[in-house]
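The sequence lines fix the lettering, A, B, ..., with proteins before strands; numbering per chain opens at 1.
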Protein chains: 2
Amino acid sequence: MEGQNISDVIERYLKTILADSEHIEIRRSEIANLFDVVPSQINYVIKTRFTIQNGYLVESKRGGGGYIRIEKVNLLDDIDVLNSLIKVIGTSISERDAVSIIQTLYDENVVSRREADLMVVAIDKSTYSISDRQLEDALRANILISLLNRLRYES
Amino acid sequence: MEGQNISDVIERYLKTILADSEHIEIRRSEIANLFDVVPSQINYVIKTRFTIQNGYLVESKRGGGGYIRIEKVNLLDDIDVLNSLIKVIGTSISERDAVSIIQTLYDENVVSRREADLMVVAIDKSTYSISDRQLEDALRANILISLLNRLRYES
DNA sequence: CATTCTTTGACTAATGTTGACTAATATTAT
DNA sequence: ATAATATTAGTCAACATTAGTCAAAGAATG
């Protein structure tokens, strides 16, 4: 049985609301109060249960009038392709390999020509101006994976 | 709902007016009174929400008959839009300002929604996993400038 | 019993609000 | 003209109000 811990309860609460509305906007402390937990527990729930892999997009703002917004997004069909490419990338990738991955995306009609061009720029060695090759490849992997993750869903 | 703080409310108020007129001329104290805030809050709103990155030009005059004038500039009328944006970016840019620039490009139909989304990902703080703020902002400037330069060429 | 998941709270970071002080410009008095 | 005064806006730092991070402690699981 799921739901024996408070994180599961909070998860269900939020997902119930999201079943009706496209998105939900909460005040962290309010939810924390509602379930009598510390505020950072809300972060834990979001981090473990509202990931992009699950089809949720989260954004937030601090300061007065701050909020956490959770949106249910429409996952696309190319997820398998993206997953396998992300696995290939790992934590480090050369510019050459990165370009060929982007080429694959273009060949598979996942991205347009122009989108592919922009992605190539974003992983280009010369734009980083980093001399350390390992750092460069690690950074490129981070950026490329983030880009691929963005392609999982629309709007 | 987004915009629970008074700064957002004032921002919306001013932008609503700017939707009709090319520019708006306000008396700082009047707006401050209207929303029951201290006058310097108006400066805060302008400084954070009506930057050139957002496509707004602000000028003011002190003394009797003083005013603050906000103008919506059409960056695309200028053939050197990209140049001026690149100049604004310089060697370092915050995530907030970078997002503003990309938003402007989208508003002005320079990039599609999807392209803008990908660009935002490419300048997102969380994709870099760098703890050094200065390095982060410098890297972001490099990447954003490269992306803008790529937009010069059509494909 | 080892491992993973959950809970907690101290500390950090981002954003917004306020007011005292400063600076610029215009108006009035001399 | 010049000086004094009034009338605007600008700056900056303190304080307020949110959310994020991280690691340690506790609980559950297999």
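Residue contacts shown for B:Arg133 are limited to sugar-phosphate atoms, with no base heavy atom under 4.0 Å away.
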Per-nucleotide protein contact string for nucleotides 1-7 of chain C, where B marks a base within reach and S marks sugar-phosphate only (heavy atoms under 4.0 Å, - for neither): ----SBB
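Listed by chain and residue number, A:Ile86, A:Ile89, A:Asn149 satisfy the side chain to side chain contact (heavy atoms under 4.5 Å, CB included) test with A:Ile145 (two or more places apart in sequence, or in another chain).
Using a cutoff of 4.0 Å between basic side-chain nitrogens and carboxylate oxygens, A:Arg49 and A:Asp8 are scored as salt-bridged. With respect to the salt-bridge test (charged N to carboxylate O, under 4.0 angstrom), the residues B:Arg114 and B:Asp117 do not qualify. One finds no salt bridge joining A:Lys72 and A:Glu22 here, because no Lys/Arg side-chain nitrogen approaches an Asp/Glu carboxylate oxygen to under 4.0 Å.
Regarding B:Asp132, its CG atom lies at a distance of 12 Å from the P atom of C:dA13, rounded to whole Å. Rounded to a whole Å, the NZ atom of B:Lys47 is 10 Å from the P atom of D:dA13. The CG-P distance, from B:Asn33 to C:dT18, rounds to 13 Å in whole Å. If you measure from atom CD of A:Glu25 to atom C1' of D:dT18, you get 13 Å, rounded to the nearest angstrom.
In this structure, B:Arg96 does not reach the C:dA13 phosphate: none of its side-chain N or O atoms is under 4.0 Å from OP1 or OP2.
Under 3.5 Å, the side chains of B:Arg152 and B:Asn83 contain a donor-acceptor pair of N or O atoms. Between the side chains of A:Ser7 and A:Gln41, at least one donor-acceptor pair of N or O atoms lies under 3.5 Å.
There is no path of hydrophobic side-chain contacts, each under 4.5 Å, that joins A:Leu76 to B:Val120.
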Taking N or O atoms only and anything under 3.5 Å, show me the protein contacts with nucleotides 7-10 of chain D, one pair per line.
unit_1, atom_1, unit_2, atom_2, d
D:dT8, OP1, B:Arg27, NH1, 3.2
D:dT8, O4', B:Gly63, O, 3.4
D:dT8, O2, B:Gly63, N, 2.9
D:dA9, OP1, B:Arg28, N, 2.7
D:dA9, OP2, B:Arg28, N, 3.4
D:dA9, OP2, B:Ser29, N, 3.4
D:dA9, O3', B:Ser60, OG, 3.4
D:dA9, N7, B:Arg28, NH2, 3.3
D:dG10, OP1, B:Ser60, OG, 2.8
D:dG10, OP2, B:Asn43, ND2, 2.5
D:dG10, O4', B:Arg62, NH2, 2.9
D:dG10, N7, B:Arg28, NH1, 2.9
D:dG10, N7, B:Arg28, NH2, 3.4

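The 12-atom threshold is not exceeded at CZ of A:Arg133, counting heavy atoms of other residues, nucleotides or ligands nearer than 6.0 Å.
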